[in-house]
Protein chains: 2
Amino acid sequence: MEAVKPSGSKRLASAQARRNQLIMATIKCIAQKGLSGVTMADITTEAGLSLGIVNLHFQSKEKLLIETLRYISDEYRSGLDKIFDDPKKTTAEKITAHIRYDFSRKIVDRNKLAVWFAFWGETKSRPTYLAICADYIADIASNLTQLFARLKAEGNYDTVDPELTCVCYTALADGLWLDLLVTPKGLKPNQAYNVAMHYLATQFPEHFQA
Amino acid sequence: MEAVKPSGSKRLASAQARRNQLIMATIKCIAQKGLSGVTMADITTEAGLSLGIVNLHFQSKEKLLIETLRYISDEYRSGLDKIFDDPKKTTAEKITAHIRYDFSRKIVDRNKLAVWFAFWGETKSRPTYLAICADYIADIASNLTQLFARLKAEGNYDTVDPELTCVCYTALADGLWLDLLVTPKGLKPNQAYNVAMHYLATQFPEHFQA
DNA sequence: ATAAAATGAATGACCATTCATTTATTATTT
DNA sequence: AAATAATAAATGAATGGTCATTCATTTTAT
């Protein structure tokens, strides 16, 4: 029935499904074997598909890796955007939701954390990886700074510096994620959340409890 | 003159010098090409030596990488030990020295940071890497917690939880290092130091100024 | 003269990519 | 509806390039 599109909807859907299937397998394999250790054979076997499939859908290994990083970035970002744009939440509620999200199951998944840090560890040598994340990082920082500035205005927080608080919180979250990845026996997601809250409570004691 | 040692001192010294030379070249190459991109040829060329030299001094590439990680770990650790064991410093001075050290030129060297995060990104798949650092991480945390506990006792800080403060500071430092590595145009070492101090000032306002 | 250190061409393993062939899906015809 | 043609998707054996490792030879130190 579709006059313009050359291929039927079933085919398009399956192509997208294959891409996702391969990205999921890539996440798992990077976590298991490291960015320096994953092979095409690892990924396609994990996905239950044939060796040639990656080049069919992604042209090359490198492009699959980049799409995998982009997938994780987009997922993280879109979750935060939803919170930030929610008209029903107050400023304080948005901040709380942000922190809850940062240490939620979906984000603190060790496979995904492994992928994050695998790419961070290579950004100096491969600027492409950084370029993928640079925009969204700036956006998120801008949104969070804005929330802190609003809360400062709403509450009685003359000494708070919203930008500094944003930089400090962001670095703290990064460090806690690293802890969750490398010492899973040491720090639990819930404890990490408490540490983050402890910092926020030092800045906005009227609104947050440590 | 040495009766026991089979080889002369000049040879021993040169063997050790070669090892260091290769480790330095490895740090530079990992920063430039990433852990997944370095080759033996890269490293030996950077060191100005021949291709076979690594296997002569380190048996294998993997062992050289491990020794490189160990070198950086030991360097960091020994610097902190000197501060912690200094009998001339008060508790507060030791903490200040610790933070200064964490953001000093020697530690915030982007090549070395690149190596740190290259290895962190692979710890999930290669537990050996974590094993190398696990001990010293625990030691440093124990020392720092002790310092915070002493300062709590010395000052008027009933609400401070030394362990929590240690976890929070450590994560914050990790996150700031990551920032320094990936967004060198954004955050400068001096600013990172100020952010860390800002957090400490929230815990010990009588002793530290943001 | 002896022994250790260093070299780098040669080797073999590994792995991303290609592409001829097979399988599945959609369109057309009877 | 069924059969057939046309097209897209998927496969995996074969290819070629890269790279860690080896070791016979050369260089340097004792």
Side-chain angles (χ1 to χ4, degrees), chain A residues 1-26 29-30 32-68 118 122 125-126 128, chain B residues 1-26 29-30 32-68 118 122 125-126 128:
Chain A
M1 281 298 164
E2 289 178 306
V4 185
K5 286 186 183 172
S7 38
S9 62
K10 217 168 192 176
R11 278 196 177 159
L12 271 181
S14 107
Q16 195 50 48
R18 283 272 171 278
R19 286 173 64 94
N20 269 320
Q21 192 179 356
L22 286 166
I23 287 173
M24 295 311 158
T26 305
C29 288
I30 290 176
Q32 268 167 15
K33 303 232 173 178
L35 200 46
S36 68
V38 257
T39 66
M40 296 265 119
D42 290 334
I43 292 168
T44 51
T45 302
E46 172 67 37
L49 294 167
S50 70
L51 190 51
I53 200 82
V54 167
N55 285 319
L56 183 67
H57 286 284
F58 291 93
Q59 286 76 255
S60 72
K61 181 186 183 182
E62 183 62 17
K63 282 185 183 164
L64 168 60
L65 294 179
I66 284 174
E67 288 307 311
T68 302
E122 300 259 310
S125 47
R126 306 205 198 177
T128 316
Chain B
M1 282 293 165
E2 291 176 305
V4 184
K5 287 185 182 172
S7 40
S9 61
K10 218 169 191 175
R11 277 199 177 156
L12 270 181
S14 107
Q16 195 51 47
R18 282 273 173 276
R19 287 173 63 94
N20 270 320
Q21 193 179 355
L22 286 166
I23 286 172
M24 294 312 157
T26 305
C29 288
I30 289 176
Q32 268 168 14
K33 304 230 173 179
L35 200 47
S36 68
V38 259
T39 66
M40 298 264 114
D42 290 333
I43 292 168
T44 53
T45 301
E46 172 68 38
L49 295 167
S50 70
L51 190 52
I53 200 82
V54 167
N55 284 30
L56 183 66
H57 287 285
F58 291 93
Q59 286 76 256
S60 72
K61 181 185 182 184
E62 183 62 17
K63 282 186 183 164
L64 168 60
L65 295 179
I66 284 174
E67 288 307 311
T68 302
E122 299 259 311
S125 47
R126 306 206 200 176
T128 316

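Lettering follows sequence order; numbering is per chain, from 1.
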Can you sort out which residues in residues 52-68 of chain A have a heavy atom within less than 4.0 Å of DNA chain D? Ascending by number, please.
A/Gly52, A/Ile53, A/Leu56, A/His57
Output the residues of residues 36-45 of chain A in contact with DNA chain D, where contact means a heavy atom of the residue under 4.0 Å from an atom of the strand; sort by number or write none.
none
Less than 4.5 Å apart, side chain to side chain, heavy atoms only: is that true for [X] and [Y]?
X: A/Phe58; Y: A/Thr68; value: no
X: B/Glu67; Y: B/Thr26; value: no
X: A/Leu65; Y: A/Glu62; value: yes

Determine the minimum heavy-atom distance between [X] and [Y], stating which atoms define it.
X: B/Ala47; Y: B/Gln21; answer: O-NE2, 3.1 Å
X: B/Val54; Y: B/Ser60; answer: CG1-O, 4.1 Å
X: A/Ser36; Y: B/Glu122; answer: OG-OE1, 2.9 Å

Short side-chain N/O contact from A/Arg18 to OP1 or OP2 of D/dA9, under 4.0 Å
no
Please report, rounded to the nearest Å, how far the [atom2] atom of [N] is from the [atom1] atom of [X].
X: B/Leu51; N: D/dC23; atom1: CG; atom2: P; answer: 15 Å
X: A/Leu22; N: D/dA9; atom1: CG; atom2: P; answer: 14 Å
X: A/Lys33; N: C/dA16; atom1: NZ; atom2: P; answer: 11 Å

Please tabulate, for side-chain N and O atoms in residues 37-45 of chain B, each donor-acceptor pair with protein atoms closer than 3.5 Å (sequence neighbours left out).
unit_1  : atom_1 : unit_2  : atom_2 : d
B/Thr39 : OG1    : B/Ala41 : N      : 3.4
B/Thr39 : OG1    : B/Asp42 : N      : 3.0
B/Thr39 : OG1    : B/Asp42 : OD1    : 3.4
B/Thr39 : OG1    : B/Asp42 : OD2    : 3.1
B/Asp42 : OD1    : B/Lys33 : NZ     : 3.3
B/Asp42 : OD2    : B/Thr39 : N      : 3.0
B/Thr44 : OG1    : B/Met40 : O      : 2.9
B/Thr44 : OG1    : B/Ala41 : O      : 3.3
B/Thr45 : OG1    : B/Ala41 : O      : 2.7

Residues A/Arg18, A/Leu49; criterion side chain to side chain contact (heavy atoms under 4.5 Å, CB included); working and verdict:
CA-CA 9 Å; A/Arg18 283 272 171 278; A/Leu49 294 167; 3.9 Å; yes
